[in-house]
Each structure stands twice: as structure tokens, then as C-alpha cells.
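Contents: one structure, followed by commentary.
First listed ligand is number 1; within each ligand, the first listed atom is number 1. In what follows, residues are counted from 1 in the order of the sequence shown. Quick note: numbers below take in every heavy atom, side chains included, and nothing from hydrogens, waters or symmetry partners.
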Amino acid sequence: MSSSPDGHQSEMNLASVEDTDFQGLPPDSRTPGERAEEVLSSMSLEEKLGFVTGYKSLAIRALPRQGLPSVWMSDASSGPRSFGAATAFPSSIAMAASWNHEIATLAADHIAESARAKGISILLGPGVNIARIPTCGRNFEYFGEDPFLAGTLAAAYVKACTRRGVICTVKHLAVNNSEYDRHKVSSDLSERTLREIYLPAFEMAVKEGKTRGIMSSYNPVNGVWASENRKLLTQILRDEWGFDGFVVSDWNSLYSTVGPMKAGLDIEMPAAKWLTPEKVKDGEDDLDRMAGNILRTLFAAGIYDRPVKDSQAREFHTDHNDAALKAAREGIVLLKNEGGTLPLPQGDGITIALCGPLAVESSTLGGGSCHIARTTGTVSLFEGLKAAASGNADADTVAVKIVYVQSLNNPGSRKILREADAVVIACGFNYQTESELYDRPWRLPPSQRRLIHRVSRLNSRCAVILTAGGGVETESWIDEVPALLHGMYLGQTVGRATAEILFGIVNPSGKLPFTMARHWKDIPSVKNYPKRYWTTNARRIALGQGNPSLRKIRHWQYEEGLMVGYRHFDTAGVEPAFPFGFGLSYTSFAIEVLRLSAKTIVPEDSLDVIVKVENTGKRAGSEVVQVYVADTESRLPRPKKELKGFAKVELEPGEAVETTIRLNPRAFCYWDSEAGGTDSPGAWVAEPGEFRILVGRNSGLIESENKVRLSR
Ligand code: BGC
């Protein structure tokens, strides 16, 4: 086991969880609250303190006198990385690229099943922080730049885990959008920006997903540490949203004793540092509330009523690999495909050359606490292409020769590349270059850009495959390549899923969950970002972790306010390289709004948008119908349009279907910080007037629209 600068184990392959002979308490018909009360009343002060502070970095401590076992946790969203090998599912950003809540459900269901097989009851995810800047080292762990997309997928993910008896801790509350100096930079923003951009995904995870856990973040928000931010952890989370579970701290993110206890935090992780018997002088009421929240939640989830490990749960089953593959296929976005470059040519005598740093090394996930070091079988792109080419793939077979070219520095290699029928260049980042703890560069490394230039000059039929957790600069090389795929981080089936798309065995259906800018200067959120944000080192990261008194806290103004991602590009009329929601297919589609369920609605109403989608091409494929709402006239400035609904539809060639997308009442609202009473300033406001319902295939391509009037 090794330790990261944050003190949490970065290679957590503990052999096994403890308390495996616990078989569950006898049946009990009392409510979780009543059962929690009884246990609480039997606990000593020392037991309470032990219970609200982490055990072995990854557990809620056992209560031996009460006969209750430890409750084990693990990271997280792409599979349980602790306690041995795990199937590595695609990253959350790839799940978001599927724009398919069924994919999030499928992945979460299998991840939770293998967690139960290992004896894990708490999954430390999913992360729903907004991709505010493309280079945040953890964007790959989150669901992209749009709060509605992120919230929808997170809610689906949480529900699937809950059904399996696994508690999710949706993280990191809140406004943790960069890894650069994450312990030392306060995210300063307006109330409206907080409510409209950075909180809705958490709110949806609480209200729709009914998450039983939340994790606070490292950073201060408007100068108040998230772990002791009463407004976030109690007033908004519990009082407004009705959250009834427990709040766990991020690892080593407490900075005082009284602050977190009073603010609404329930568990200090990974161990007692601030909540020690020496430091907690009084506050038994707070401890009762904290321990009570934990106990009630664990009872509600049935955790004490069952054995620690679920012996029926499957762990290394091929179903898990199949589910990971299904998710990976939908996480690939085809960004450019000129002159029918893709699918790759097939048939006897065809040669495909493969080069680039990620051709043989599989970049499955970004680095840090979400990375799964030991998978249950990773397939590299080279292996995936060879398997698909030799007909080993389950689906259709193809017969092609695949040649890997390691370096361009000899004439033989260059000849292969020149004479190949097509070349695939695998570029991007990996768990070392894109990771928790630091942000990554916006441009591909110079060696990779050089490779693209050189290869594209040798062979004009070339396709670049990117692996990255967000936007990457493409402007300097995009014109040189006819085809580009964005693969996000696709988990252990990365090579197979990508090969299937390249050969056309699977039709791409992923859509960007973020905007890809043409130029760095086009992104307003980077205005207050340090110039050399990617230059960091272990000392800098470690210094002041959990002890910010060693460093001065800086304040970053979120000056762009609501204008994050497409909200900015659309409203300011700046052309991106690839818009939010963009992704090509090997077939074509037409979309039309047939009708709305009403012409006039009141603020409490939902609205159904009935859309016809047709596959106008020659192949089966899936399209994502995206519904954006635009407020025609508003008292407060609003983004030009905002995503408020979507549906993924699978269609045979020539097939047309009607699909209904429901917009909930919040779809029409903005947050008005002046509204509401003096006790609770601010409220969601749906302003009467006309709204345009814009339906299209990405934020830059609206194909059909209709109007609805909102009256009082
Ligand atoms: C991360 C959390 C993670 C925790 C436990 C922290 O460094 O920020 O997201 O759940 O470690 O590994």
C-alpha cells in the first residue's frame, strides 16, 4: 500500500474486509430512526467519537458491544478499486458521453454488485462537479459541463446502487472544479451561479436519486471551508432539499473541530485528526446528531441486517465485462469523419497501421482515487483491433492485417505508414498525466502533435483517437486529419470498444458532455486561472494539505457566472471547435417537434415535448434528441438556451418513432437572489411570458422549435 500526498491509500488492495462472520441482526420491525436511537443511547462518548471518525482509512468503525460490524467504503464511480481486482467500467465522463441514463444504471448496478461481493457497502462517488475548465485533473470523474445532464445521470447511478444496498456518497459538495491547489483556493461565486450551475446535480442526486450519502469538498466556498459550511451542509442540503443521510468529509479536509461539528458534517475521514477526544471538549449533542445520522442511514440501507459480504453477488463475472463494454461503446464520440475515412476499410489484403503512445499502453481511467490499478482484464487498442480484424469479436467479423508502428524514426516504419490502407493514431493522456491532485495541459504533448503532423503527411487516410477527460486543443492539427474520435476514458474494454467503432461493427452514438473550444482565450472560466497551472510538484501538493495555515488561501472569482461551457459560447456567439452535445454517426437522422402537451402552462406544470426522430440513413444507429429552453424575455440576463431534457433513441434504417421528453417545472426557472423572505433569501422564479422549446442534435444544431407561454 502506498500513500498519496493526501494521505489516502493510492493502491488500496487490502486483502479482505473484516467482520466477515457477522450474519446480520435478527429481524426487527422498528423504524431505522428507532433502532438508531436505541444504539445511540447505549454508546459511550468514546464510542461516539470513534464512530464519527474513520477506521483504517476506509470504514465506519464497528461497535463490538452492540454487536455491529465495521462498514466498508471504497472508491468509486468506475468500479470498487479497493480489496483486490475489479472490472474497470468507463469513467463518468464517458458515461455522460452516452447521454443515456440506462448506461449509468447498468454500470452502477454491476459496480454495486461487485462492491457487495467484496463486502463494501459505501461507494465514494459518483462525483458531480461541473467541468468548468477543460483541464481540471478530475473532469474524467465527473459528468461534464451541464448541471441537468450531470444530475440526470448521477440520479440514475445512485438509484441503481441503492437498489443493490450500496450507499453512494455523491461528491464533492461543492464548487470543486479544479485540482490546482484544491486545499488552498476558495471558489468565490454569486448565489445565483451556485444555485443554477454548481448545485443542481447534487440537488437532483438528493431529490430524485435519494442518495443516502454526500461527501464535502476540500475547498472553501466564498471563504468558508466546505467541511464547515453550514449553509451548504445543513441549510441547503437538509433543510431545503430534505436530505436525510450522512455527510462524509473528503480525505483530510477538516480544518477545525467545532466548525464541522456545528455545520452538519457527520464523519471525519480517513481518521480522527480534528475529532479526537483531546480536541472535542464539549458538544455531545452534536456528536449524538452525527452518530445518529450515520446509524439511521445504515439501518435504513439494511446494512446491519445482512452479512458484511453478499455471497450471492457476482464479482468477476463476464456479465460485468459485457456491461463495461456496452457502456464503453456508447462513450465514444465521433467528432470528424471526412470522405468516409471511417469505418476503416476491411477485407483481405487490407492493412491498417496503428501508432501513438496509447496504441499499446491502455489508458483506461485517469489517475487518483478513481483509478483501478488491477482490472479483470484490459484490452489495449492494438489487441482490440487485432481481435476484431481476425474475427474474434462477437459481432460481425472483419479480415484485415493490423501493424503496430512504434516509432517513425526508421524508413521501414515510414514505408508501412505510407502504404497502409489507413492509419490510426492513438493519442491523449493517461492516469499519470491526467489525475486527481493536479490539472493537466490543454494541448496534447508536443511529441503527440508532432506525430499527428508527420503521420498525416505520410498517409492522408488517418484517424486520431483521443483519450482525455475533457476538451483538448485541436485547432493546430485538426485540419490535417480527416477523422477524429474522442474516447474519454473507457475502462478495461477500451481497445475492444474503440476497435468496434473503428471498423463499424458498432455505430458511434456518443455526444460531447462538454464544449471543445478552439482557443484557450475563448474560455471565460480560465480568466483567473494561474498562467502555469499545470506546473506543480509533490511538495507543492503536500504542503498545507489539511493544514492550510501553512499556506495563504487565495480567492478565485468565478467571474463568468452562469456562462460556463456552451452557455457562454452560445450567448456570446463564439464558435467552438465542437459544440456541447455534438457527435456524428455512420447514419443520418432528422428530428422534428410534433407538438407540446400544452400551449400555456403555470409555474407548477411540467411540459411534454413530443418529437419525431427518423433514421434517414442506411444503417441502424442511435440519436440523442436534445431539448433546450430559451426564455424569450427575462428580467434577469439568462444564457441564450439551456439543456432541460434529452432522450436517446435507437432506430433501424428508415425507421421513425415518436418520443416524449418531459420538462419539469424547474426547466423554466432562474434563481432570483432578491426573491424570498429575509430568513431565506433567494428563490426559484418562473417568470411569466414566452419560452422557446428548441430541439436539436447538439447545442449548435437546433432542427425544430415550438413555443409555450407561462402564465401566473
Ligand atoms: C478524494 C475523494 C476520495 C477519497 C478517498 C480523496 O483524495 O478527493 O474523492 O473519495 O480521497 O480515496
Over 60° means perpendicular and under 30° means parallel, so classify the ring planes of H317 and H320, tilted if in between.
tilted

Option with minimal heavy-atom separation from atom 10 (O) of ligand 1, where the choices are L437, D75, L123, N176
D75

Proximal atoms of ligand 1 relative to S369 (non-hydrogen, under 4.0 Å)
1 (C), 2 (C), 3 (C), 9 (O), 12 (O)

Do any heavy atoms of M269 fall under 4.0 Å from ligand 1?
no

Counting neighbours of CD on E102 that are heavy atoms of other residues, nucleotides or ligands and sit closer than 6.0 Å, is the number greater than 12?
no

Does the residue M215 have a heavy-atom contact with ligand 1, meaning some pair of atoms that are separated by less than 4.0 Å?
yes

Is the shortest N/O to N/O distance between D250 and ligand 1 below 3.5 Å?
yes

Interfacing atoms of ligand 1 (cut-off 4.0 Å, heavy-atom, Y218)
6 (C), 7 (O), 8 (O)

Quick one: does R138 get a heavy atom under 4.0 Å from ligand 1?
yes

Contacts of T257 that satisfy side-chain contact (heavy atoms from CB on, under 4.5 Å) - sequence neighbours left out
M261, W274, L275, K279, V280

Can you name the residues that form a side-chain contact (heavy atoms from CB on, under 4.5 Å) with R289, not counting sequence neighbours?
D266, D286, N293

What closest approach, in Å, do G469 and Y489 show between heavy atoms, and which atom pair accounts for it?
N-CE1, 3.5 Å

Element-labelled atoms of ligand 1 that are located less than 4.0 Å from some non-hydrogen atom of H172:
2 (C), 8 (O), 9 (O)

How about F140 and F429: are their ring centroids closer than 6.0 Å?
no

Enumerate the atoms of ligand 1 whose separation from the nearest heavy atom of K171 is less than 4.0 angstrom.
2 (C), 3 (C), 9 (O), 10 (O)

Under 3.5 Å, is there a donor-acceptor pair between the D439 and T135 side chains?
no

